[in-house]
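Encoded as structure tokens, the structure appears first; notes follow it.
For ligands, and for the atoms within them, numbers begin at 1 and follow the listed sequence. Only a predicted model underlies this, so the values are computations on that prediction, with no experimental measurement involved.
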Amino acid sequence: MDNFDLHNHSTASDGLLSPSQLVELGARHGVHAIALTDHDTVDGLEEAAAAARKCGVRLVEGVEISVSWGETTVHVVGLGIDPADASLAGGLQSVRDGRLGRATRMADSSRTWGHPGHLEAALALAGSEQRLSRTHFARHLAESGAVRNTQHAFDKYLGKGKPAFVHHRWAGLEDAVGWIVGAGGVAVLAHPGRYGLKPLGRATLLEEFKRLGGEAIEVVTGSHRPEEYATWRRVAEEYGFLASRGSDFHGPGESPVEPGGAGPLCP
Ligand code: AMP
Ligand code: MN
Ligand code: MN
Ligand code: MN
């Protein structure tokens with residue numbers, strides 16, 4: 001069966017490899033089709049497309065949009081989008097515009113968690129205000145020795161309910177799905193197992209996503225534990241969603257699953 005990896009990050013958002021390095025790594029791992037799905041941006045797609053042509057790999061043009069659904073942050077992946085679509089571009093720009101203010105609020109809360117100067121440090125790692133994410137704060141905390149590794153930074157400081165976590169309004173679900181569908185793409189609910197929703201909340205989210213034009217959910221992802229795959233495969237069948245597969249790769253030594261390395265969709 002062909003190896004499709006439909007969720008990956010590059011330095012255009014919070015990944016560690018450039019778009020070409022990512023595509024080259026995917027090719028070395030025998031990936032047939034790779035999606036670049038950076039957070040709230042399509043900036044890496046041109047470089048990735050050139051690298052894909054060189055390596056003989058198929059590039060799926062993608063994006064991962066940050067969404068506020070009530071009080072819950074969810075991620076919606078768009079696959080096969082037209083990166084030049086004006087309404088998608090404008091929508092993504094509005095989401096990115098919120099990142100610096102949110103990071104500043106995170107850094108302000110840092111007075112209570114004891115790491116001054118880390119906004120500047122995280123910004124230096126991100127390379128741009130528009131890319132600034134919790135991942136960059138996590139890398140700074142790990143590099144400065146404040147925590148053992150980036151996962152520990154989320155567990156101790158950056159995860160929901162921890163000292164550096166601040167509430168933020170991302171895109172609306174209807175807007176995000178609309179931008180993706182309007183740009184000719186397929187809207188995929190990313191890592192549905194990560195949102196900590198109870199059965200009723202989960203059903204409400206899935207129904208609403210479907211009604212708004214969502215077509216797929218991630219079943220096999222580096223962000224789900226393998227024991228969860230069967231549950232989400234059943235959910236996809238129950239709601240009539242296509243099932244997606246992706247590593248959610250961010251970087252060597254940081255991500256548990258390499259490009260193309262997630263388990264099979266059909267066991
Ligand atoms: P942001 O969009 O700035 O909130 O950052 C979200 C990114 O942080 C995700 O895409 C992951 O790369 C990373 N992340 C979020 N939660 C965790 C977690 N609990 N453990 C490890 N990485 C996480
Ligand atoms: Mn990320
Ligand atoms: Mn995500
Ligand atoms: Mn992701």
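Other residues, nucleotides and ligands contribute more than 12 heavy atoms inside 6.0 Å of the CD atom of E228.
Taking the six-membered ring where the residue is Trp, the centroids of Y157 and F137 are separated by 6.0 Å or more.
By heavy-atom distance, the residue among R194, R102, E254, H39 lying nearest atom 4 (O) of ligand 1 is R102. When the options W170, F137, F154 are ranked by their closest heavy atom to atom 19 (N) of ligand 1, first place goes to F154.
The distance from ligand 1 to the heavy atoms of T135 drops below 4.0 Å at these ligand atoms: 7 (C), 8 (O), 12 (O), 13 (C). Which parts of ligand 1 touch D14 is read off a 4.0 Å heavy-atom cut-off, strictly below it: atoms 7 (C), 10 (O), 12 (O). Near R99, meaning under 4.0 Å from one of its heavy atoms, ligand 1 places the atoms 1 (P), 2 (O), 3 (O).
The backbone N or O of P264 sits nowhere less than 3.5 Å from a side-chain atom of R245 that would complete a donor-acceptor pair. In this structure, the side chain of R202 does not engage the main chain of Y195 through any donor-acceptor pair within 3.5 Å. Remark: the backbone N or O of N149 is not paired with any side-chain donor or acceptor of H152 at under 3.5 angstrom.
Between R99 and D40, at least one side-chain nitrogen of the basic residue sits less than 4.0 Å from a carboxylate oxygen of the acidic one, meeting the salt-bridge criterion.
Shortest distance from the Mn ion (ligand 2) to D14 is reached at OD2 (N/O/S atoms only). Residue-level check: among N/O/S atoms of H39, NE2 sits closest to the Mn ion (ligand 2).
Using cut-offs of 30° and 60° on the angle between ring planes, the pair W170 and H168 is perpendicular.
The OE1 atom of E64 and the OD1 atom of D248 subtend an angle of 170° at the Mn ion (ligand 4), given to the nearest 10 degrees.
Only the side chain of Q151 comes within 4.0 Å of ligand 1, counting heavy atoms alone; its backbone N, CA, C and O stay farther away. Here H250 has side-chain heavy atoms under 4.0 Å from ligand 1, and that is the only part of it that gets that close.
At a cut-off of 2.8 Å, H9 is counted among the residues with an N, O or S atom near the Mn ion (ligand 4). In summary, H250 places no N/O/S atom under 2.8 Å from the Mn ion (ligand 4), failing the contact criterion.
A side-chain donor-acceptor contact under 3.5 Å links S247 and N8. Under 3.5 Å, the side chains of H7 and E64 contain a donor-acceptor pair of N or O atoms.
Geometrically, ligand 1 and S66 share no nitrogen or oxygen pair separated by less than 3.5 Å.
A cation-pi arrangement is absent between K162 and F154, since the terminal nitrogen or guanidinium carbon is not both under 6.0 Å from the aromatic centre and inside a 45° cone about the axis.
The shortest separation from a heavy atom of E64 to ligand 1 is not under 4.0 Å, leaving the residue out of contact.
In this structure, atom 6 (C) of ligand 1 lies nearest to the protein heavy atom R134 NH2, 3.9 Å.
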